[in-house]
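Worksheet: the structure to be examined is printed underneath.
Sequential numbering from 1 along the given sequence is applied to the chain's residues.
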Amino acid sequence: MNHPQYTRRNLWHTWGLLLPCFTAVSLTSCASVESRPVGRKAPVPTPANVQSASIGQAVATSASAPAPTAQPTAPASGAGTAPLREVTAGSPPTEDRPIANADMRSASPPKNAGRVARAEQPAVPIETAPSPDNPSDSSLPEPSVPPAEASDRAPEEPTPLPQKEIKLDSAPLEAGDMAFPINLATALRLSEARPLIVTAAQAGAWIAEAQLQRANLIWVPTLNGGANYIRHDGFGPDFNRGLNTAERPLNQNVNFLYTGVGVIMEFALTDAIFEPLAARQTLNSRRWDIQTAKNDALLATAKAYFDVHESRGKYAGAVDVVKRTELLVDRIGRLSEDLVPKVELARARRMLASAQQNAARKREKWRVASADLTQVLRLDPRVVVDPAEPDHLQITLIDPARPLDDLIPTGLTNRPELCSNRALVDAVAERIRRERGRILMPSILLNGFQTPNELIQVGAQGFGADSSLDLWSVRSDFSPQVVWKLEALGLGNLARIKEQRGEQSLAIVELFKVQDAVAAEVTRSQATLQSAAARVVEAERSLHEAVITFDGNYEGLAQTKRFGDVLVQAFRPQEAVIAVDELIASYDQYFSTVADYNRAQFAMYHAIGYPALELTDLHPPGDATPVDTSRPGYLPPVESGPPAATR
């Protein structure tokens, strides 16, 4: 049994042992807070140094829009590793070094919706933290001064490094790549006729044209020519009332030959009147389908083109991350083992391997996107498409702030699909009138006589008995007829009218479905466009913060602080490794968001029904440049125009 006094004595003894430990921990925490280097964090981007693309402004591409002209440079933060510097508690703060943001200035918005103004697009400078100009001083010497002596030495002022502005390197092409330079204006111009969906729509219009021509020629007779031979054996017509004479025998073996030509005609008057009207509306529908196909081809081309931009931009960012990570691995590897365990170097090398795999995947997607674009435009599938515009380019065709009450009526007015369906409704209305007229209007016939199907009207005939054919004469037979017909006593005509009314109801339902689809597509496009317009600003900010974070951690590896006799780093290597992963995500997010914005602009342009001709010919986003549209010999050539009638 424990005595109370003995227990209290033990408690006081325990508190006496623990109190110095708590005091030491508190002092160590205070020293850790006070020794944090001051002035190393770059300022948050402000309107003074951030010029992002404002929503609603038009950034037009053109063939003359310069691509980034800066020579590829390595990241400034990694040009050389800075010598190890000690930063102890109470050291004077270093100067702030702001990191400027990418210049994403946009041109003024177009005055007319759906038109693209021309503008010069600047390159994207991305400033990073400065680095020493002399790479030979990049070694990180291990501290040779004992910790006790180093603590007595006065802290050295870190020398401010000169700022250096760099630009993101262009995505590199490999030796075996077949580069295919092209700009947006050229791609849109090629989308007007080369895609197969346009060719298929044109073939449908050619069929409708032929059907209209046939409808206009219903009343034109058909020219026939040929011969008709008849052999008769046995009794023939009895002209002698049963008397069998040599001159007129009852058993008549006769040869008959009739040869000549005929002009035959048979048509319903109601078909000649109303079928051309219905065929005309069908042709109008097929011509609207061509415009629909061109609009769809323009959208498909734009999406594929900006997929190439997105994948190429991500690849350029991935290559930049690989270069930065290589410099990071080199710096961590040359730090003292007393400061950085070997496991941190392994962690950085693993991140380098991951960054290299990411770059390989991004290059793969660039090639895949190039194949998709060449498939749409029917170009050489072996090439790697290299757009002339910078990958950060933002194009504004439609103001994202336009209300739906303005956009939806515009789409319902302009969409060619609606015009096509309205023409089909009108075509069925003409066919209803045709069936009604069939009851009252006659059929017109013109034929011959005493020939198979009465097809021969003028010619020569020959007769002969037995095996002779010696009686020849000229013969002509014309039989014009006007006939009124009631199919199934008129009940069949009523069924025909009912059938066409059902076809009309079906066409009207299809028209309503297209109207609802257009309204929904406009709404979806606006939601996507507004979301992309909001995200692109945040994605730009995220990218620059990621660059700032990496450069700050990279430079921080050269800083140390002292706790008593222990020299530790101000920034840990794992923080720099995490910054690499965040930089990869920020590059991907930025270029994806910019591409989403551009694709959403063309999707909205398509949704409200603005014609592709506006961008391909009337107001193109720049000047189209000549490109090689030839294809390998093992692929069929791209033809244009209707096939010949004699083919």
Steps toward side chain to side chain contact (heavy atoms under 4.5 Å, CB included) verdict (Leu328, Met351): CA-CA 10 Å; Leu328 177 63; Met351 178 54 68; over 6 Å; no
Audit row: Leu373, Asp307, side chain to side chain contact (heavy atoms under 4.5 Å, CB included) steps and yes/no: CA-CA 9 Å; Leu373 180 59; Asp307 286 346; over 6 Å; no
Step-by-step side chain to side chain contact (heavy atoms under 4.5 Å, CB included) determination, Gln515 to Val518: CA-CA 5 Å; Gln515 287 178 340; Val518 168; 5.8 Å; no
Pair Glu192-Leu613, side chain to side chain contact (heavy atoms under 4.5 Å, CB included): steps then yes or no: CA-CA 8 Å; Glu192 189 176 8; Leu613 183 68; 4.0 Å; yes
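Phe306 and Leu184 make their closest contact through CZ-CD2, 4.2 Å (heavy atoms, listed as atom of the first residue, atom of the second, distance). The two residues Pro387 and Val385 come nearest to each other via the heavy atoms CD-O, 3.5 Å. Closest non-hydrogen pair, Tyr597 versus Pro400, comes out as OH-CG, 4.3 Å. Closest approach of Ala348 and Val577 over heavy atoms only: CA-CG2, 3.9 Å. When all heavy atoms of Thr523 and Leu404 are compared, the pair lying nearest together is CA-CD2, 4.0 Å. The minimum heavy-atom distance between Arg631 and Pro636, with the atom names listed, is NE-O, 3.1 Å.
A donor and an acceptor atom, one from each side chain of Tyr605 and Ser525, are nowhere located under 3.5 Å apart. Side-chain polar atoms of Thr186 and Asn183 form a donor-acceptor pair below 3.5 angstrom. Donor-acceptor pairing under 3.5 Å is recorded for the side chains of His606 and Glu521. With no hydrogens or angles considered, no side-chain donor-acceptor pair links Glu417 and Asn421 at under 3.5 Å.
Side-chain N or O atoms of Gln526 include one that pairs as donor or acceptor with a backbone N or O of Arg402 at under 3.5 Å. When atom types are taken as modelled, the side chain of Thr374 and the backbone of Ala371 share a donor-acceptor pair closer than 3.5 angstrom. Of the possible polar contacts, none joining the Arg415 side chain to the Gly609 backbone as a donor-acceptor pair under 3.5 Å is found. Without hydrogens or angle criteria, Asn598 side chain to Leu393 main chain gives a donor-acceptor distance under 3.5 Å. No side-chain donor-acceptor contact under 3.5 Å links Asn358 to the backbone of Ser354. A donor-acceptor pair under 3.5 Å is formed between the side chain of Asn295 and the backbone N or O of Ala612. Remark: side-chain polar atoms of Thr410 are paired, donor with acceptor, to backbone N or O of Asp406 under 3.5 angstrom.
With salt bridges taken as basic N to acidic carboxylate O contacts below 4.0 Å, one links Asp386 and Arg312. A salt bridge is absent between Arg535 and Glu538: the closest approach of a Lys/Arg side-chain nitrogen to an acidic carboxylate oxygen does not fall below 4.0 angstrom. Contact check on Lys323 versus Asp320 returns no salt bridge, with no Lys/Arg side-chain nitrogen under 4.0 Å from an Asp/Glu carboxylate oxygen. Here Glu344 pairs with Arg347 in a salt bridge; the nearest charged N to carboxylate O distance falls below 4.0 Å. With respect to Asp177 and Arg363, a salt bridge is recorded, a charged nitrogen being found less than 4.0 Å from a carboxylate O. Of the charged side-chain nitrogens involved, none lies within less than 4.0 Å of a carboxylate oxygen, so that Lys513 and Asp516 do not count as a salt-bridged pair. Salt bridge Asp391/Lys314: absent, no basic N to carboxylate O contact under 4.0 Å.
You'll find the side chain of Arg324 reaches within 4.5 Å of the side chain of Phe550, heavy atoms only. Residues Pro381 and Leu635 meet the side-chain proximity criterion, which asks for heavy atoms closer than 4.5 Å. Here the side chains of Asp380 and Phe180 are not in contact, with every heavy-atom distance at 4.5 Å or above. With a 4.5 Å cut-off on side-chain heavy atoms, Val384 and Leu173 count as touching. At a threshold of 4.5 Å between non-hydrogen side-chain atoms, the residues Leu557 and Pro573 count as touching. Considering only heavy atoms from C-beta on, Leu379 stays 4.5 Å or farther from Val627 through its side chain. Looking at heavy atoms from C-beta onward, Asp596 lies out of side-chain contact with Thr528 at the 4.5 angstrom threshold. Val376 is not listed as a side-chain neighbour of Tyr305, based on a closest heavy-atom distance of 4.5 Å or more.
Atoms CG and CD, from Leu188 and Glu614 in turn, are 12.0 Å apart once rounded to the nearest 0.5 Å. A distance of 10.5 Å separates CG of Asp296 from OG1 of Thr301, quoted to the nearest 0.5 Å. Atom CD in Glu310 sits 13.0 Å away from atom NZ in Lys303 (nearest 0.5 Å). From Met604, atom CE reaches atom OG1 of Thr396 across 12.5 Å, with rounding to the nearest 0.5 Å. Taking CZ from Arg287 and CD from Gln291, the interatomic distance works out to 13.0 Å, rounded to the nearest 0.5 Å. One finds the CZ atom of Arg378 at 12.5 Å from the CG atom of Leu190 (value rounded to the nearest 0.5 Å).
Residue Arg367 qualifies as open at atom CZ: its count of foreign heavy atoms under 6.0 Å is 12 or below.
Under the side chain to side chain donor-acceptor pair (under 3.5 Å) test applied with Arg189, the options Thr616, Asp617, Thr625 reduce to a single match, Asp617.
Residues passing the ring pair (Phe, Tyr, Trp, His ring centres under 6.0 Å) test with Tyr315, sequence neighbours excluded: Trp366.
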